[in-house]
2 protein chains.
Amino acid sequence: MNTKDLAYFNQLIQVKNFSKVAQEFGVTQPTITMAIKRLEAEFQTKLVLRDRIHNELVVTPSGEQLAIHAQNILRELALTQQEITHLTQDRTVLGLPPIIENYYFPRVAAHLQAQGMLANLQTLEGGSVWLRNALRDGRADLALLGSTAPLSYKTLVAEEFDRQPFNVFVAATHPLAKRKRIYFSELKGEKFVLFNSSFVHNTAFNTLTRRNHFRPEVVFRANDTHVIMNLVAANVGVTFLTDIVDQHRQDVVRLELLDDEQPEFISSIVTRTSHVLTPTQKQVLAVLRATLGDD
Amino acid sequence: MNTKDLAYFNQLIQVKNFSKVAQEFGVTQPTITMAIKRLEAEFQTKLVLRDRIHNELVVTPSGEQLAIHAQNILRELALTQQEITHLTQDRTVLGLPPIIENYYFPRVAAHLQAQGMLANLQTLEGGSVWLRNALRDGRADLALLGSTAPLSYKTLVAEEFDRQPFNVFVAATHPLAKRKRIYFSELKGEKFVLFNSSFVHNTAFNTLTRRNHFRPEVVFRANDTHVIMNLVAANVGVTFLTDIVDQHRQDVVRLELLDDEQPEFISSIVTRTSHVLTPTQKQVLAVLRATLGDD
DNA sequence: TGACTATTATAAATTATTTTTATAATAACT
DNA sequence: AGTTATTATAAAAATAATTTATAATAGTCA
């Protein structure tokens with residue numbers, strides 16, 4: 001079976017017009033007719049029907065079924081091409097969410113530079129969820145990801161290297177500032193300044209507010225921890241962050257949480273199950289493990 | 001790209017001999033040579049190397065990479081064929097682990113029979129783990145599966161319909177028989193008669209023994225709950241089962257567990273994410289939901 | 001109604017691809 | 001050196017895919 005036929009079919013399912021598909025692929029219309037016929041013969045089933053009454057193409061259940069698998073196969077082929085290109089050109093793309101890039105990466109970068117590996121290394125920035133998908137479809141080869149629960153996917157292998165509790169930060173002048181430890185429920189009624197760009201922080205925060213049955217009043221959301229800390233220092237509100245973004249300021253106090261079963265910021269080195277690592281990628285991985293592992 | 005080339009390549013990786021692969025596929029040897037050349041041209045990389053010194057075929061990293069994806073693609077194609085066959089022939093294969101078949105299925109069967117659907121329905125028996133794989137590769141279309149944690153896989157959709165706590169069963173003459181509820185830790189030192197064929201029961205049991213730091217003395221394992229119950233009645237040992245396998249006997253007493261965070265026997269209706277259901281399969285699913293859902 | 005349009009199907013010719021046949025090349029083994 | 005096992009190469013043959021040209025079907029509109 002030719003995968004080209006699957007590509008034709010996949011496109012036909014989308015645009016529901018043989019002639020348009022032919023145009024898009026730069027072939028003539030009978031090519032598409034024949035391709036579909038071949039697939040119908042191969043799977044011994046009708047794939048599309050012509051609804052003359054409403055003048056449109058109807059996809060049979062078998063067609064729907066094939067469409068799903070055709071997509072999977074085409075995705076798999078594209079990924080293969082991506083991976084082999086990275087493999088032969090010795091390209092290494094490391095996915096880094098901003099928080100992890102700020103806190104963990106400088107340490108790693110020094111070691112990588114020392115071994116002359118920073119040159120071949122390309123970084124790809126984005127949120128943890130976005131990067132997970134980038135890793136899945138081959139745009140990245142390795143990634144450091146944050147999560148609240150241990151990552152577990154069939155297509156990805158995650159290796160946890162750090163766990164950080166979430167903390168509450170309040171202005172030094174805030175009534176709670178004298179405390180070292182508080183329960184999250186004590187924040188009921190507080191105003192919050194939150195981190196916008198981190199899916200992980202927000203997930204953890206939402207878990208805690210839901211568990212403690214309150215609707216938080218979020219007065220501002222920022223993408224920069226410095227901005228957040230400045231607002232907290234000015235008593236605009238309190239915030240909820242991990243210690244790894246703390247700048248140890250005089251005017252802001254860190255409070256630990258006393259709650260049982262707190263969410264944690266879990267950092268993991270993640271790779272694709274199906275990916276064969278280049279020597280460089282293996283080295284990068286080794287450096288990541290050595291640098292981040294014994295924390 | 002022709003998937004036949006992937007099949008040739010996949011086989012070549014296994015047997016590492018062009019001539020043998022040709023034989024197995026009933027083609028001549030240059031066919032294989034050419035197929036590999038086509039793939040190497042397509043992906044612009046060497047896939048295999050000839051190690052003249054050790055006289056064997058070496059697979060390059062790119063080759064390893066392609067091999068992984070070739071397998072995935074071939075599996076996907078086989079699954080497609082399976083699913084379309086079931087779809088066009090209106091075949092429905094329902095996977096049932098023995099415990100679930102005994103307890104839940106009789107109720108369902110009555111309803112299915114009433115609607116004349118029992119004829120087209122084929123059942124496939126096997127352990128929960130084995131059935132999960134059968135479902136994945138298309139040997140089954142639907143399955144009822146037991147598990148200790150909610151099932152969550154990318155390729156499968158699980159719909160929980162029941163949760164049962166595990167219980168301990170002891171002979172009526174056993175010292176613990178007067179109790180209604182016990183802690184699992186109180187079973188330290190007991191002899192156990194266990195269920196052999198259930199992965200789920202064993203997982204749950206192991207979790208509890210590990211958590212309570214003891215090595216259970218298992219004196220017998222059986223595949224039939226009646227055998228187990230007879231042994232328990234005869235005070236050969238105590239057992240650990242869900243209530244759904246209980247036959248409400250006079251000579252055996254059921255004890256509930258008082259432990260926090262007990263494992264549970266979770267029963268789910270499971271289907272494949274990629275699977276398009278036939279009308280019959282939809283009906284079967286509806287009956288399953290209606291019969292099992294409002295418990 | 002009949003000309004016109006948009007769409008898909010069919011058949012023969014053409015082109016491209018795959019497989020075979022025949023044979024060469026390489027290197028290990030005796 | 002001859003033999004064997006293995007893969008590569010080249011030309012011929014066989015298959016398969018695509019195009020060209022045209023038919024078929026049904027809807028649209030004057």
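Excluded from the calculations below are hydrogen atoms, water molecules and symmetry mates; all remaining heavy atoms, backbone and side chain alike, are included. Proteins come first, then strands; the chains are lettered A, B, ... in the order of their sequence lines, and each starts at number 1.
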* Strand contacts (DNA chain C) in residues 12-24 of chain B, 4.0 angstrom heavy-atom criterion ->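 Under 4.0 Å from DNA chain C: no residue of residues 12-24 of chain B.
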* To do: Give me the residues of residues 29-45 of chain A where at least one heavy atom lies under 4.0 Å from an atom of DNA chain C, by number, or none.
  =>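 The answer is A/Gln29, A/Pro30, A/Thr33, A/Lys37.
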* To do: Using a 4.0 Å heavy-atom cut-off across all strands, classify B/Phe25 as base, sugar-phosphate, or nothing.
  =>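 No contact.
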Nearest-angstrom distance from the residue atom [atom1] of [X] to [atom2] of [N]:
X       : N      : atom1 : atom2 : answer
A/Leu57 : D/dT25 : CG    : C1'   : 15 Å
B/Asn2  : D/dT15 : CG    : C1'   : 12 Å
B/Lys46 : D/dT7  : NZ    : C1'   : 11 Å
A/Arg50 : C/dT10 : CZ    : C1'   : 15 Å
A/Asp5  : D/dT18 : CG    : C1'   : 12 Å

Taking only residues two or more places apart in sequence, or in another chain, which ones meet [X] in a side-chain hydrogen bond (donor to acceptor under 3.5 Å, both in side chains)?
X        : value
B/Ser274 : none
B/Ser268 : none
B/Thr3   : none

Under 3.5 Å donor-acceptor pairs involving side-chain atoms of residues 121-130 of chain B, not counting sequence neighbours:
| from | atom 1 | to | atom 2 | distance (Å) |
| --- | --- | --- | --- | --- |
| B/Gln122 | OE1 | B/Arg91 | NH1 | 3.0 |
| B/Ser128 | OG | B/Gly146 | N | 3.3 |
| B/Ser128 | OG | B/Gly146 | O | 3.3 |

* **Side-chain N,O (A/Tyr8) to OP1/OP2 (D/dA17) below 4.0 Å** =>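 Checking D/dA17 against A/Tyr8, no side-chain N or O comes under 4.0 Å of OP1 or OP2.
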* Mind jotting down which residue pairs meet the side-chain hydrogen bond (donor to acceptor under 3.5 Å, both in side chains) criterion with at least one end in residues 63-72 of chain B? Sequence neighbours excluded, please. =>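 Listed by first then second residue: A/Glu76-B/His69, A/Glu76-B/Asn72, A/Glu83-B/Gln65, A/Glu83-B/His69, A/His275-B/Gln65, B/Gln65-B/His69, B/Asn72-B/Arg75.
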* Quick one: salt bridge (Lys or Arg N to Asp or Glu O under 4.0 Å) partners of A/Glu40, sequence neighbours excluded? ->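 Partners of A/Glu40 by the salt bridge (Lys or Arg N to Asp or Glu O under 4.0 Å) criterion, ordered by chain and then number, come out as A/Lys46.
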* Rounded to the nearest 0.5 Å, what's the gap from NZ on A/Lys37 to CE on A/Met34? Could you check? =>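 Here the interatomic distance stands at 6.0 Å.
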Quick one: side chains of residues 108-116 of chain B, donor-acceptor pairs under 3.5 Å with protein atoms, not counting sequence neighbours, listed by atom name and distance.
| from | atom 1 | to | atom 2 | distance (Å) |
| --- | --- | --- | --- | --- |
| B/His111 | ND1 | B/Arg107 | O | 3.2 |

